[in-house]
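Everything below concerns the one structure shown next.
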Amino acid sequence: EGGLPGGTGWMISAGEGSGAQINSTWAADTRVNGCIQTAAVNCNVVLLSDTDGTTTYFAVVSGLEDALGNYDLAQAGSAPIVLAPLPKPRITGSTRLGNDVTINVGAPLAGALNAGKYLTPCGANAITGYKLYSRTVARGSGVGAGRTPSQWSPGATVPIANNTTVPVDCSDAANQDVYLAQTLTLDSGYELSWVSGESTRVECGPQIAEPRPTGRPGTPSNDRVPGRGGRR
């Protein structure tokens, strides 16, 4: 993140047909966190990401230290490193108590994460968590543009294999929509520079999740509850 092959930043050209070379030091750049060191080896992990404004893409590449102290991240047969779409948050359901709605979110699926992993057997899994973000907008207006985290409201960082919940206040008089997005975090706490594409829409307002007139007392309406028909 932050450099282009052939440029003068942290990633420079290694010569025509030779790919790119990372040019930085552990102390001089906040995007460099140091090696992952196991009992036997040092492991260098590089996090790559990009966005087209709608979808965010990522790859996590690792390499072992050689006898000269270098890390060769090239793939077998010079295969290209292809950035994979960053998975969107998986809303699995919701509950409501008064004006408080709790959105249930499932952990990122292993298959979606594996598509962006290019890891050597160096004894470390760099992706340790995911961080959730939310955006609340007027009903039916759409999520709006922007994949920069500062354009979203930050939430919790969750261990990568754990499900979680997101609390939402749905007491406002004006009906609203809530969207979620997420990033990935590494063992050092460093995270992707852009959030994922948005989740499915969660309808939020004072009339959402009210009982149907013909339903049993206290039974939420199946076509209004966020996460069960209320999200689209």
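Just so you know, these numbers use all the heavy atoms, side chains as well, and skip hydrogens, waters and symmetry mates.
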Here the gap from Phe58 atom CZ to Ser196 atom OG, rounded to the nearest 0.5 Å, amounts to 11.0 Å

When every non-hydrogen atom of Tyr179 is compared with those of Val137, the smallest separation belongs to CE1-CG2, 3.9 Å

To the nearest 0.5 Å, atom CZ of Arg135 lies from atom CG of Leu180 at 11.5 Å

Do Leu113 and Leu184 come within less than 4.5 Å of each other through their side chains, counting heavy atoms only?
yes

_Between Trp194 and Thr183, does the side chain to side chain contact (heavy atoms under 4.5 Å, CB included) criterion hold? Intermediate values first, please._
CA-CA 7 Å; Trp194 296 283; Thr183 62; over 6 Å; no

*Should Asp177 and Ser141 count as side-chain neighbours, where that means a heavy-atom distance under 4.5 Å?*
no

Query raised in the report: Would a distance-only check, ignoring hydrogens and angles, find a side-chain to backbone donor-acceptor pair under 3.5 Å from Ser199 to Ala181?
Result: no

| Thr164 side chain near Asn162 side chain, heavy-atom distance below 4.5 Å | no

Please answer whether the main-chain N or O of Cys204 pairs with a side-chain N or O of Arg139 as donor and acceptor at a distance below 3.5 Å.
yes

Sub-3.5 Å donor-acceptor pair from the side chain of Trp152 to the main-chain atoms of Leu132, do we have one?
-> no

key: Side-chain touch Thr128/Thr185, heavy atoms, less than 4.5 angstrom   = yes

Here the gap from Ser193 atom OG to Arg147 atom CZ, rounded to the nearest 0.5 Å, amounts to 14.5 Å

* **Note, Ile127 side chain near Lys117 side chain (heavy atom, < 4.5 Å)** => yes

In this structure, OG of Ser62 is separated from CG of Leu47 (nearest 0.5 Å) by 12.0 Å

More than 12 heavy atoms of other groups within 6.0 Å of Leu97 CG
no

| message | Any heavy-atom pair between the side chains of Gln75 and Ile81 that's under 4.5 Å? | response | yes

Nearest heavy-atom approach of Thr165 to Pro167 is O-CD, 4.1 Å

**Prompt:** Does Tyr118 reach the main-chain N or O of Val82 with its side chain, forming a donor-acceptor pair under 3.5 Å?
**Reply:** yes

Rounded to the nearest 0.5 angstrom, the CD-OH distance for Gln182 and Tyr133 is 11.0 Å

When rounded to the nearest 0.5 Å, the distance separating NZ of Lys131 from CG of Leu192 is 12.0 Å

Worksheet item: So, the side chain of Asn163 versus the backbone of Ala107: is there a donor-acceptor pair under 3.5 Å, distance only?
Response: yes

Sub-4.5 Å side-chain heavy-atom contact between Thr102 and Asp100
no

Take Val166 and Val178 through the test side chain to side chain contact (heavy atoms under 4.5 Å, CB included) and record every step on the way to the result.
-> CA-CA 11 Å; Val166 177; Val178 177; over 6 Å; no

In short, Thr51 meets Thr55 closest at the heavy-atom pair OG1-O, 3.0 Å

Gln151 and Val195, any side-chain heavy atoms less than 4.5 Å apart: no

